[in-house]
Amino acid sequence: MNELLAGLLEAGRLIITLDADLIEISLRSLQVTLTAVAVSSAIGLPLGCWLAVRRFRFRRFVIATLNALMGLPPVVVGLIVYLMLSRAGPFGVFGLLFTPTAMIIAQVIILTPLIASIAHQAIRELWAQYHDLLISLNTTRGQRIATLLWDGRRALLTASLAGFGRGIGEVGAIMIVGGNIDHATRVLTTAISLETGKGNFSLALALGFVLIGLAVVVNLLIHTLSRTEVSGRW
Amino acid sequence: MVTSILPLNVKDAVVRRRGKTLLGPVTTTVSDSGLSIVMGPNGAGKTTLLRLLHGMERVSGGGSLQWQIPEQDARALQAFVFQSPIMMRRTALDNVAYPLMTHGVSKKDARARAAEWLERVGLADSAQKQATVLSGGERQKLALARALIRKPEILFLDEPCANLDGRATREFETLLMQAFKDGTRVVMSTHDIGQARRLAEDVWFIHHGQILEQTPAAEFFASPKSIEARAFINGDIVE
């Protein structure tokens, strides 16, 4: 219990004193994950929608694969991205290993299947509802997808937020490709891992509380801005 | 309008799904004016027939639908009102404006014309409400406005009043008759014999996927040709 209390106190102290290191790694956490969520959403949301609307031969197979990829082990993704980006790897020339960009790439790979899969579930229901109308109105496939994305935007927001939740707490992949380098690629999760290893529990806990707080604040902020859960709106 | 999409010639059209024949073979002509009421027991194929004519069901095996202009162009000049109106998750105004917006009208013009239509169907006060909170009668009127906004030459309605009460049905019929007087070809299915008597110019009676008769309304109600239709009008249960 002592560690928990000390952790809470330490978290309070770090936040009140606006600890420079804390702010730096928190912002980097946000930067990496928000960028990854933005990129993954840009790919995953239309992909999920397209899978709901389009009928083709291997559709079931693609959806099953997508669902399976939701459980992709981050450590393995990290390892593969590491090998791709390392000096000897095919993309080694770009020198991206141990940069925030590498961390974003790894997270995009982890988050895209998750976001696409949840988006697909949400849009499939909406499409079942809209199907006859949109066919009757003689809309093009592009218009159908655009309409479903727009009218399903609140459900899709949930997909993106689920992606954010997975990304912000993720440690396995970004530890490998980022390397947890101080002032370069250290983020909240990797810092917690490091401090725990050093036996520095109160600081690790403090960072943990900040991480949870950050996740809650971002979710609340997005819900408030997009005015979900307001009655009579979708 | 220079060329009309009607009359529509239907030849030997069959609709099959999973090996079961739902409709046909149907051979008929949909003339270029009039108000036709499609009647028949449940499962007779009323909905399937309307969907077939509207191009939402594929013709299986040999049959054809022949509009006066290429089918792709003809599709843009038709509209369909469903039994349970499909409300998009938008305001009432944007629901009505949607068909215009997907066909190249600017948002501003589309909304202006949608507002006129809402006025006409008596929903002006609900313009900014979410369509999903409207009542059953309001939804169906909204669906009618949305169907008519692009001035279709032919309007299909699939039991539009099945879930409406007396007053809502009367309002809906008034609006429908107005559209008909403005020159829209109407093909509508119904279970309600009273409604058929009020509206029909001619009646198509369907049973087991076949059009048993297409007769002027007066004649149909006075002396139906088929035994099934006679039983149906008399209120007997036709299976």
Side-chain angles (χ1 to χ4, degrees), chain A residues 41 45-46 48-50 52-57 59-60 118-161 222-223 225-234, chain B residues 5 47-48 50-58 71-92 94-105 107 110 126 128-134 139 142-143 146-150 152 154-158:
Chain A
S41 297
L45 299 181
C49 194
W50 187 80
V53 173
R54 187 72 200 268
R55 293 281 175 274
F56 58 94
R57 202 147 160 222
R59 183 167 162 274
R60 267 169 205 275
I118 297 177
H120 170 250
Q121 300 288 343
I123 292 298
R124 197 173 55 175
E125 280 171 36
L126 190 62
W127 175 233
Q129 201 186 328
Y130 278 17
H131 178 273
D132 284 356
L133 180 69
L134 297 191
I135 301 280
S136 167
L137 292 176
N138 211 12
T139 48
T140 63
R141 182 170 293 129
Q143 285 172 335
R144 286 171 205 165
I145 291 178
T147 301
L148 290 170
L149 285 175
W150 177 249
D151 285 13
R153 60 194 180 280
R154 278 155 222 281
L156 297 177
L157 187 67
T158 311
S160 291
L161 285 178
I222 288 173
H223 272 298
L225 290 178
S226 65
R227 302 211 280 163
T228 36
E229 311 303 329
V230 178
S231 72
R233 285 185 149 266
W234 287 86
Chain B
I5 64 171
T47 300
T48 311
L50 293 178
R51 290 173 65 97
L52 171 77
L53 297 178
H54 187 44
M56 291 177 68
E57 294 286 349
R58 285 226 178 88
E71 203 216 327
Q72 203 47 46
D73 304 329
R75 292 220 43 192
L77 292 162
Q78 311 169 32
F80 201 106
V81 174
F82 299 93
Q83 182 171 353
S84 40
I86 301 168
M87 292 293 105
M88 303 177 77
R89 297 175 182 178
R90 302 179 176 205
T91 60
D94 283 351
N95 261 273
V96 179
Y98 182 78
L100 291 177
M101 290 202 256
T102 54
H103 287 83
V105 179
K107 210 174 215 179
S126 305
Q128 292 308 324
K129 276 192 207 161
Q130 289 294 307
T132 42
V133 305
L134 298 178
R139 286 175 185 215
L142 181 72
R146 184 173 58 194
L148 290 172
I149 195 164
R150 289 188 60 226
I154 182 164
L155 173 67
F156 300 100
L157 304 100
D158 183 16

Point to revise | pair B:Arg90-A:Thr147: side-chain heavy atoms closer than 4.5 Å | key: yes

Practice item. Heavy atoms only, distances under 4.5 angstrom: which of B:Met88, B:Arg150, B:Met56, B:Lys129 has the most pairs with chain A? Name it, please. Key: B:Met88

**Study point:** Nearest-0.5 Å distance, CD1 of residue B:Ile86 to CG of residue A:Leu134
**Key:** 8.0 Å

Check your understanding: Are side-chain heavy atoms of B:Phe156 and A:Ser136 found at a separation under 4.5 Å?
Key -> no

Check your understanding: Between B:Tyr98 and A:Thr139, what is the shortest heavy-atom contact and its length?
Key -> OH-CG2, 3.9 Å

Review point. Are any of the side-chain heavy atoms of B:Phe80 and A:Ile135 separated by less than 4.5 Å?
Key: no

Point to revise | Greater than 12 external heavy atoms within 6.0 Å of B:Gln83's CD | key: yes

**Study point:** From A:Leu137 atom CG to B:Arg75 atom CZ, the distance as rounded to the nearest 0.5 Å
**Key:** 9.5 Å

Point to revise | Distance-minimising heavy-atom pair for B:Met87 and A:Gln129 | key: O-NE2, 3.8 Å

Check your understanding: Is there a side-chain contact between B:His103 and A:Asn138 (heavy atoms, below 4.5 Å)?
Key -> yes

